[in-house]
Amino acid sequence: SINRFRASNKFLNRNLKSLVPYQVTLQKSQVLRVPFEYRKLHVLSGSAWLTVAGEDIILTSGEIASLASTRGLAILSVLGNRPLTLEFL
């Protein structure tokens with residue numbers, strides 16, 4: 001039935017979201033709660049201050065952080081004056 005298709009399509013779209021990289025740029029003083037669907041983040045440019053389950057991690061351009069243990073509890077902010085561009089994987 002159509003309703004069954006819509007329900008399964010909604011489930012599929014939600015699960016595919018975690019497989020598609022998501023790129024974002026943050027400016028100085030901006031803070032972002034990391035979407036729980038993503039398990040890694042890759043800093044493309046700038047520097048990031050990542051707080052994961054109470055632990056602070058500093059990341060710079062080219063570095064990748066694993067978020068496997070965050071359970072949706074990761075906060076990201078810009079470190080320094082340059083914009084931060086990153087990709088969630």
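The figures that follow rest on heavy atoms only: side chains count, while hydrogens, waters and symmetry mates do not. Nothing here was measured: the structure is a model prediction, and the numbers come from that model.
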Practice problem: Could you tell me which residues satisfy side chain to side chain donor-acceptor pair (under 3.5 Å) with Gln27, sequence neighbours excluded, listed by chain and number? | Solution: none

Quiz item: Sequence neighbours excluded, which residues qualify as side chain to side chain donor-acceptor pair (under 3.5 Å) partners of Thr60?
Solution: Glu63

Practice problem: Give a yes or no on this: more than 12 heavy atoms of other residues, nucleotides or ligands lie within 6.0 Å of atom CD of Gln23. | Solution: yes

Quiz item: Sequence neighbours excluded, which residues qualify as side-chain contact (heavy atoms from CB on, under 4.5 Å) partners of Leu26?
Solution: Val24, Gln30, Leu32, Leu76, Val78, Leu84

Quiz prompt | Interatomic spacing from CG in Leu86 to OG1 in Thr25 - rounded to 0.5 Å | solution = 7.5 Å

Self-check item: Set of residues satisfying side chain to side chain donor-acceptor pair (under 3.5 Å) with respect to Ser77, sequence neighbours excluded
Solution: none

Practice problem: Can you sort out the partners of Lys40 under side chain to side chain donor-acceptor pair (under 3.5 Å), two or more places apart, ordered by chain and number? | Solution: none

Quiz item: Hey, quick one: are Leu44 and Tyr22 part of the same hydrophobic cluster, counting side-chain heavy atoms closer than 4.5 Å, chains of contacts allowed?
Solution: no

Quiz item: Mind checking whether Asp56 and Leu50 have side chains closer than 4.5 Å, heavy atoms only?
Solution: no

Practice problem: Side-chain contact test, heavy atoms from C-beta onward, threshold under 4.5 Å: evaluate it for Ser45 versus Arg82 and give yes or no. | Solution: yes

Exercise. Using atom types as modelled and distance alone, determine if a side-chain donor or acceptor of Arg33 lies under 3.5 Å from a backbone N or O of Ile75.
Key: no

Self-check item: Approximate separation, where rounding is to 0.5 Å, of Tyr38 OH and Phe88 CZ
Solution: 8.5 Å

Quiz item: Got a second to check how far Lys28's NZ is from Asn81's CG, nearest 0.5 Å?
Solution: 4.0 Å

Exercise. May I have the step-by-step check of side chain to side chain contact (heavy atoms under 4.5 Å, CB included) for Leu89 and Leu41, ending in yes or no?
Key: CA-CA 6 Å; Leu89 309 167; Leu41 66 87; over 6 Å; no

Quiz item: What residues join Ile58 in its hydrophobic cluster, counting side-chain heavy atom gaps under 4.5 Å, either direct or through other members?
Solution: Trp49, Leu79

